[in-house]
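For reference, the structure is listed below as structure tokens.
Just so we're on the same page: letters track the sequence lines, and every chain starts at 1.
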Amino acid sequence: MALAATKPKRNLPLFQTSGSIIMLLAVIAFFAVVAPGFFSLSNTTNIIRQGSILALAAFGQTFVILIGGTDLSIGAIMGLSTSVTAMLMLKGVDPVFAVLIALMIAAFCGMLNGIVVNVIGLDSFVATFGMWSMALGIALVVTEERTLYGFPGVLRVLHDGTVLGIPNPLILVLVICGILHFFLKRTATGTSIYAIGSNLEAARLSGIPVVLRKTLIYTFSSFMAGLAGILFLARSNSASAIDPIGYEFDSICAVVLGGTAMSGGRGGVKETLIGVTLIATLRNGMNVAGVNTYLQLVLLGVILILAFVGEKKKQSLYKRASSRPVTASGGTL
Amino acid sequence: MKKRAMLLIAMLVIGIGIVSGQAAPKPANGKKFNIVLIVKDLTNPFFTDMRDGGAAAAKKYGVDITCLSPEKYTVDAQIRIMEDMIEKKVDAIVIAPIDSNGIVSGVERANAAGIPVMACNTAILGGKLLGFAGIDEISSGKSLGEYFVKRLNGKGNIVILEGTTGSSTAQAYLNGVHEAIDKYPNIKVLASTTAKYNREMGMQVMEDLLTRFPDIDAALCMNDVMALGAKEAVQEARRKVLIGGINALPETLEAVKRGEIEVTVDASGYVQAYIATELTCKYLLTGEIPPAVTKIGIGNAQAISAANIDQFLKSRAK
Amino acid sequence: MTTEMIPARKLEAEGGRRGWATMYRFITLLLFVALAVVFVPRFASQANLLNLTRNIFLLCLMGCGMALSMLIGGLDLSLGSVGALSSVLGATLIAGGHISLGVAVAIAVGAAIGFLNGFMISRFKLPDFIMTFSMMYIARGLALTYTQGQATYNLPRPFLWIGKGFVGPIPVPVIISLIVLLILFLALKYTTFGRGLYAVGANKKAALYSGISVPRKQIQAYTISGLLAAVVGLIYVARLNSANADLGQSWTMDAIAVCVIGGISFAGGEGNFLGLLMGGTVIGIIDNCINLLGVPSRFQDFFMGLVVVLTVTADHYAKKRQ
């Protein structure tokens with residue numbers, strides 16, 4: 001840890017995330033006191049279930065933001081994946097196959113995003129905005145603007161089931177987070193993503209297949225959105241094309257809240273998980289505390305701003321600290 | 001050092017949590033009952049009326065009530081509220097679901113936690129329910145349809161502005177309207193399209209319908225809010241189109257008096273919520289199980305037009 | 001954003017590029033119109049053209065505020081909510097008979113919130129996205145709290161003129177929109193304010209070095225954006241004859257679509273208001289045709305997305321050829 005301060009852009013995980021963690025702890029403490037029933041095992045399980053969908057979507061978004069882009073199509077892809085799976089199951093397709101097909105379609109959309117952004121060269125905002133519109137349109141047509149229901153409830157276990165008492169979504173999220181984290185920080189391909197995000201030209205010059213990797217990242221992001229859509233389906237056992245809309249913005253919020261910068265090159269999935277937890281805890285806490293619906297919106301916005309400002313302040317402090325020479329034991333001169 | 005500080009804070013938080021958890025009042029005999037009313041959307045006066053109706057009933061029975069609505073007009077957001085209320089350990093949930101099928105998984109969760117669920121206004125097609133209290137939508141739709149059949153003397157072109165697809169009330173109103181008008185082949189439905197129970201959309205849809213069809217005699221809207229939007233479009237285009245709505249909102253009644261809207265059907269949100277809440281309170285207090293379906297016929301789905309509005313308003317004073 | 005310096009030569013070429021993009025947009029637009037007149041029944045009827053024109057200009061007005069924030073490389077997601085909040089606040093006064101006061105209050109509130117957005121973004125270096133996203137929630141929540149879900153209706157006739165009135169054959173909203181578009185177009189082309197906006201959008205560091213105050217430009221852009229959101233809000237309230245807290249839910253995405261099709265880049269520094277006008281026209285025509293053909297509204301989203309991608313791609317290749 002001592003040498004960390006002298007290496008540019010090397011992550012000091014704890015310092016980096018402590019801003020949001022402190023906010024999270026503060027929020028938990030607050031609601032624990034104010035809202036009876038909040039600080040309990042069953043409510044924590046509740047929060048985990050509610051936040052798991054956002055977590056999956058936000059993991060994909062993390063990758064895109066790490067390379068300096070933004071994926072606005074996530075909510076619509078979720079809706080598309082949900083709708084397609086439901087429709088296929090209603091037509092008698094085996095649930096597992098239905099899920100696989102939906103995931104493939106989602107990944108395909110992501111690949112299109114990736115090609116448009118990296119091969120054709122459009123701005124990621126614009127390309128994914130276009131995809132958002134088109135995916136939403138297709139999903140609405142597939143469902144004919146209704147909520148689909150009446151298909152086998154086999155998938156519900158993904159959301160409602162437990163293994164040894166641990167809720168399935170939690171296992172899903174933690175396992176995926178672990179894999180992604182390992183990938184990002186310990187494999188060559190993973191760390192190259194940070195390189196691409198910090199300095200595209202340098203990455204390209206050092207032989208990294210930039211276009212391929214960036215395209216794959218967009219594919220991955222939509223794939224995760226597809227997965228999130230499946231979990232969404234499992235949760236309500238019904239499919240609506242428009243219900244997941246909004247997750248794209250929430251996912252971006254969660255990622256940036258966690259500490260990954262929108263300019264790219266810094267952050268990771270662990271940080272995103274903190275951001276997701278904060279948002280999910282906040283929403284749940286306000287409901288359990290009986291906060292007026294209207295006020296909830298205001299509070300959400302205010303706390304988001306506070307969290308970001310705090311995060312920024314901490315980052316600038318970090319920058320200042322890391323620019324000072326550091327001794328071997330980690331102290332500053 | 002930073003690590004240790006964080007560990008201390010975390011332990012502090014957990015400590016506070018455990019202590020607070022013990023201090024939380026547990027629902028028991030002799031304590032006040034706590035229920036929640038979940039509506040679809042608090043920007044439609046119909047649902048603020050519901051909130052008031054629920055509050056009045058709860059007050060009468062000495063029960064605490066909270067009224068919540070989702071931040072997004074989606075059934076998933078309503079499920080989220082239900083889950084959180086289950087954690088809050090409310091004694092009962094009264095809900096007007098946005099989608100009759102989509103809400104079922106939320107109901108099942110409440111069932112698993114042993115919390116009774118009362119459906120209000122819109123039917124719920126699954127799960128175990130304490131009961132359903134709502135108006136007879138089909139007869140409301142029928143009332144509207146029959147009024148126009150009479151008014152148009154059995155002959156004319158109409159357009160229908162539907163509610164949100166997926167809502168059982170929207171479908172039921174529509175079925176009711178068709179029950180009334182299908183018998184008359186000279187009443188032609190030029191178009192039947194959704195305006196999602198929204199005023200802005202009601203106006204836009206009506207605008208386009210007016211352009212597509214130069215000869216429309218009446219516009220039947222499945223709720224007042226869309227009717228109010230449609231009326232603006234009709235007035236602006238300076239066309240003569242009779243407009244009908246459902247809900248009898250105060251704003252609509254005023255418009256009926258002024259002749260801007262032809263008719264509206266009484267479907268009071270206040271009364272629906274009042275009765276649903278009343279039945280729920282009674283169940284909590286006395287164990288009396290309400291009937292599976294309670295159809296409310298206030299004024300028997302009366303069509304209110306300029307002709308009978310004054311007497312209706314007088315009878316409404318409650 | 002890369003840190004290359006922008007030589008004066010390049011900025012001039014930019015202007016040329018813009019001219020080319022505008023021209024071929026215009027041609028595509030004429031094509032659209034021709035197709036619509038031929039294939040869509042009642043498209044060319046007087047009543048329809050009137051509605052169409054009104055809708056186009058309302059879309060453009062929505063796009064104006066968004067365009068300003070996009071030009072400096074940002075995004076204003078709070079557009080709809082600010083429109084709702086400012087108009088419900090103003091509506092109470094208007095309903096009570098104090099029309100000018102109500103309008104002034106609405107506009108002031110919109111500008112104030114916009115100012116707050118710009119201030120927070122420049123002062124705390126928050127990503128535009130995050131700040132306006134949070135503000136979107138805050139403004140909507142405040143609007144709902146203020147109205148408690150009730151609508152304010154039966155507004156005085158003189159006020160309704162803003163939304164429903166005509167000056168000669170032209171609807172008032174069109175005139176308001178035209179004036180705003182003209183002012184912004186001229187300001188962007190000929191004033192230091194305009195050039196400063198482009199500079200900040202194109203390259204923040206370079207702009208700083210050439211003495212432009214980036215924070216000030218951000219604050220200006222967002223304040224005007226908020227102000228325009230309030231104007232759009234008032235016009236809608238006048239058209240609906242009712243002020244409601246859930247106004248403007250779809251404005252943000254619509255405005256983004258108008259800007260993007262109009263050639264305004266998310267990265268900043270590119271695009272002009274003539275293009276915006278054409279973007280609004282394209283979307284207005286597509287929406288109108290879909291409705292007139294009786295195609296269910298759910299198809300609109302798909303076509304919108306397709307048009308966005310096609311337009312921007314075409315733009316991109318046109319630029320590459322330069």
Side-chain angles (χ1 to χ4, degrees), chain A residues 12 14-15 18 21-22 24-26 28-40 42-43 45-47 49-50 53 143-150 153 156 159-160 232 234-240 242-246 283-294 296-297 300, chain B residues 1-3 5-6 9-10 12-21 23-26 34 36 39 42 66-77 79-90 98-106 108-109 112-113 125-126 164-167 194 196:
Chain A
L12 269 179
L14 209 55
F15 198 160
S18 66
I21 293 186
I22 291 189
L24 179 61
L25 291 174
I28 294 177
F30 176 75
F31 283 120
V33 172
V34 164
F38 173 80
F39 200 89
S40 64
S42 77
N43 192 40
T45 313
N46 188 22
I47 295 178
R49 288 218 166 92
Q50 288 174 349
I53 299 173
T143 59
E144 286 176 21
E145 282 183 288
R146 316 176 173 280
T147 304
L148 300 178
Y149 63 96
R156 297 184 72 177
H159 184 272
D160 294 339
F232 195 88
R235 172 177 159 76
S236 59
N237 204 34
S238 62
S240 155
I242 49 161
D243 277 12
I245 298 294
R283 284 214 160 110
N284 165 277
M286 288 198 292
N287 269 338
V288 179
V291 174
N292 180 304
T293 307
Y294 303 150
Q296 279 193 29
L297 294 174
L300 199 62
Chain B
M1 246 276 274
K2 205 63 189 190
K3 239 187 183 149
M6 296 266 295
I9 297 180
L12 192 65
V13 168
I14 295 179
I16 295 178
I18 294 180
V19 169
S20 318
K26 296 197 171 55
N34 191 337
V36 66
V39 299
L42 280 172
T66 320
C67 179
L68 293 172
S69 101
E71 65 189 50
K72 282 200 292 181
Y73 194 80
T74 66
V75 72
D76 177 71
I79 294 178
R80 182 186 284 255
I81 296 181
M82 284 183 92
E83 287 171 342
D84 292 342
M85 290 302 107
I86 292 172
E87 292 311 319
K88 196 178 169 189
K89 302 213 186 6
V90 294
I98 287 173
D99 186 288
S100 310
N101 289 295
I103 198 71
V104 170
S105 59
E108 287 172 351
R109 291 201 227 297
L125 304 173
T164 323
T165 22
S167 160
T194 178
K196 301 203 175 133

#### Entry: Choice from B:G126, B:G102, B:G106 maximising heavy atom contacts with chain A below 4.5 Å
B:G102
## Note on the structure
Per-residue tally against chain A (heavy atom, under 4.5 Å) across B:L42, B:V36, B:V104, B:I79 peaks at B:L42
Below 4.5 Å from any heavy atom of chain B, which atoms of [X] appear? Answer side chain, backbone, both or neither.
X	result
A:S236	both
A:D160	side chain
A:R49	neither
A:F31	neither
A:F232	side chain

When you check the side-chain N and O atoms of [X] and [Y], is any donor under 3.5 Å from an acceptor?
X	Y	result
A:S238	B:N101	no
A:N284	B:E87	no
B:E83	A:Q50	yes

### Task
Measure B:V75 against the heavy atoms of chain A and call it side chain, backbone, both or neither at under 4.5 Å.
both
### Task
Please flag which part of B:I103 lies under 4.5 Å from any non-hydrogen atom of chain A: side chain, backbone, both or neither.
neither
#### Entry: chain B interface, residue from A:I242, A:N46, A:I245, A:L300 that has the most non-hydrogen pairs under 4.5 Å
A:N46
#### Entry: Interatomic spacing from CZ in B:R80 to CZ in A:R235 - rounded to 0.5 Å
6.0 Å
### Query
Going from CD1 on B:I81 to CG on B:L68, what distance comes out if it is rounded to the nearest 0.5 angstrom?
5.5 Å
### Message
A quick test of your reading: do over 12 heavy atoms of other residues, nucleotides or ligands sit less than 6.0 Å from OH of B:Y73?
### Response
yes
### Query
Are any side-chain N or O atoms of B:K88 and backbone N or O atoms of A:G37, one a donor and one an acceptor, separated by less than 3.5 Å?
no
